[in-house]
Amino acid sequence: MKYFRKMIGPKCYLSPISLDDTERYTEWVNDMEIGQFMLFSATVFDLDREREALQKLMKDTVSFAIVENDTNKAVGNSGLFGISEIHRHAEFGCFIGDKSYWNRGFGTEATALTLDYGFNVLNLKNIFLHVVEYNRRAIRCYEKVGFKLVGKHRKYIFMAGEYHDILIYDILASEFESPYVNKLFAQSTSEDAGRGKISIEP
Ligand SMILES: CC(C)(COP(=O)(O)OP(=O)(O)OC[C@H]1O[C@@H](n2cnc3c(N)ncnc32)[C@H](O)[C@@H]1OP(=O)(O)O)[C@@H](O)C(=O)NCCC(=O)NCCS
């Protein structure tokens, strides 16, 4: 068993990352069709470097493989970085590495599941992200989940011979509707109450 169902949606689930996928990740992070949208595109990853990067991700961040329900195939990665224990904020990042899965709703669903984990399990208050201004697909995906534009870094990254702005989006816990954790909790507690395991006195 390579993947484990941590957060489950209709199309995909979030699982711990498997180092068995290092080769697949190495292919994804070197693919400039993906890299043109990512800040890591200026780094050249061989297998060893990518394995180290994944190990660091697994140790220092809350990162998941995005796995298709029907096939148990990993199609990408999502995570929360720089979690502040004091201020309860974190940065979100994600990519669908398997390009045949773009525009099929996986990014939106994985984003919502990661935010659900951040807000309703890790008790975060604010989750923010950075996205390059020309990444229209990602912007649409993030706005669908409820992220709001709060600012930008002007002429912040260099790509294809030009400088581009980076947009800053964020979302508060109070603005987010849980697609999984809260429903699961409500369902299991009401089942327990029905069986008399839980009695809540007025
Ligand atoms: C960005 C990414 C995570 C989005 O995931 P996805 O599964 O492809 O996206 P979804 O299908 O959930 O949603 C995409 C939305 O953008 C829309 N879209 C696609 N191309 C678009 C464009 N050029 N302009 C505007 N909207 C566009 C789609 O129609 C869809 O909206 P809809 O559901 O209202 O029709 C994924 O495409 C990806 O990883 N891309 C490469 C790396 C990357 O950009 N990572 C994010 C870095 S911030």
Side-chain angles (χ1 to χ4, degrees), residues 3 7-15 17 21 24-45 50 53-54 57 61-82 89-118 126-160 162-171 176-180:
Y3 305 115
M7 298 288 292
I8 307 170
K11 291 172 193 284
C12 62
Y13 63 95
L14 303 183
S15 160
I17 292 170
D21 286 330
R24 182 176 302 181
Y25 274 91
T26 309
E27 191 187 312
W28 293 342
V29 297
N30 284 294
D31 182 341
M32 282 304 289
E33 244 188 287
I34 298 169
Q36 64 184 316
F37 300 119
M38 309 296 295
L39 297 181
F40 59 58
S41 60
T43 308
V44 181
F45 289 92
E50 181 55 25
L54 286 176
L57 220 54
T61 73
V62 173
S63 285
F64 299 105
I66 302 165
V67 185
E68 186 180 26
N69 282 332
D70 290 349
T71 58
N72 281 315
K73 177 181 167 188
V75 299
N77 169 270
S78 76
L80 297 164
F81 316 107
H89 62 234
E91 180 168 3
F92 170 79
C94 97
F95 69 91
I96 304 292
D98 186 327
K99 291 176 283 186
S100 66
Y101 284 79
W102 286 5
N103 288 327
R104 291 169 53 188
F106 283 84
T108 303
E109 192 170 303
T111 301
L113 289 173
T114 310
L115 262 50
D116 201 9
Y117 191 74
N126 175 307
I127 297 178
F128 64 97
L129 63 81
H130 294 105
V131 58
V132 285
E133 60 178 348
Y134 53 83
N135 195 350
R136 305 307 308 170
R137 186 189 299 108
I139 289 167
R140 172 81 188 120
C141 164
Y142 299 146
E143 287 181 345
K144 275 196 291 177
V145 177
F147 276 100
K148 291 182 169 58
L149 180 66
V150 291
K152 66 179 169 183
H153 296 296
R154 294 173 301 155
K155 304 292 173 211
Y156 198 73
I157 64 141
F158 184 77
M159 176 56 66
E162 284 177 44
Y163 286 92
H164 304 272
D165 294 348
I166 290 266
L167 308 181
I168 307 163
Y169 277 78
D170 77 4
I171 181 168
F176 180 71
E177 192 180 338
S178 166
Y180 179 63

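Numbers here are sequence positions counted from 1. Atoms within a ligand are numbered from 1 in the order they appear, just like the ligands themselves.
- Annotation for ligand 1: atoms under 4.0 Å from non-hydrogen atoms of Asn135 are 43 (C), 44 (O), 46 (C), 47 (C).
- Nearest-residue assignment for atom 26 (N) of ligand 1 (options Glu109, Arg140, Glu33; heavy-atom criterion): Arg140.
- Looking from atom 28 (C) of ligand 1 to the surrounding protein, the closest heavy atom is Asn103 OD1, 3.7 Å.
- For the residue pair Tyr13 / Asn72, a side-chain donor-acceptor distance below 3.5 Å is found, with atom types taken as modelled.
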Audit row: Tyr3, Asp21, side-chain hydrogen bond (donor to acceptor under 3.5 Å, both in side chains) steps and yes/no: CA-CA 11 Å; Tyr3 305 115; Asp21 286 330; 2.4 Å; yes
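- Heavy atoms of Tyr142 found under 4.0 angstrom from ligand 1 belong exclusively to the side chain.
- For the residue pair Tyr169 and Glu143, a side-chain donor N or O sits within less than 3.5 Å of a side-chain acceptor on the partner.
- Protein heavy atom nearest atom 11 (O) of ligand 1, with residue, atom name and distance: Gly105 N, 2.8 Å.
- In this structure, Asp116 contributes its side chain and Tyr180 its backbone to a donor-acceptor pair below 3.5 Å.
- Between atom 10 (P) of ligand 1 and the options Val132, Val131, Thr108, the minimum heavy-atom separation is to Thr108.
- The aromatic rings of Phe92 and Phe147 lie tilted to each other, with the angle between the two planes from 30° to 60°.
- Those atoms of ligand 1 with a heavy atom of Arg104 less than 4.0 angstrom away are 11 (O).
- In this structure, Glu50 has no side chain to side chain donor-acceptor pair (under 3.5 Å) partners at least two apart in sequence or on a different chain.
- Looking at Asn30, its side chain does come within 3.5 Å of a backbone N or O of Phe45 through a donor-acceptor pair.
- Taking CZ from Phe95 and CG from Asn77, the interatomic distance works out to 5.0 Å, rounded to the nearest 0.5 Å.
- Listed by first and then second residue, the salt bridge (charged side-chain N to carboxylate O under 4.0 Å, His left out) pairs involving residues 98-109 are Asp31-Lys99, Glu33-Lys99, Lys73-Asp98 (not counting sequence neighbours).
- Between the choices Met38, Glu143, Arg136, the shortest heavy-atom distance to atom 22 (C) of ligand 1 belongs to Arg136.
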Residues Tyr156, His164; criterion ring-ring contact (aromatic ring centres under 6.0 Å, His included); working and verdict: CA-CA 6 Å; Tyr156 198 73; His164 304 272; over 10 Å; no
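- Near Ala138, meaning under 4.0 Å from one of its heavy atoms, ligand 1 places the atoms 1 (C).
- The protein non-hydrogen atom at the shortest distance from atom 39 (O) of ligand 1 is Ile96 N, 2.6 Å.
- When the heavy atoms of Gly107, Gly97, Cys94 are ranked by distance to atom 7 (O) of ligand 1, first place goes to Gly107.
- Ligand 1 has at least one atom lying under 4.0 Å from a heavy atom of His130.
- When the heavy-atom distances from atom 30 (C) of ligand 1 to Lys144, Lys99, Gln36, Arg137 are ranked, the shortest goes to Lys144.
- Less than 4.0 angstrom separates atom 35 (O) of ligand 1 from none of the non-hydrogen atoms of the protein.
- Any N or O atom pair closer than 3.5 Å counts here, and Phe95 shares no such pair with ligand 1.
- Shortest contact from atom 41 (C) of ligand 1 to any protein heavy atom: Trp102 CZ2, 3.4 Å.
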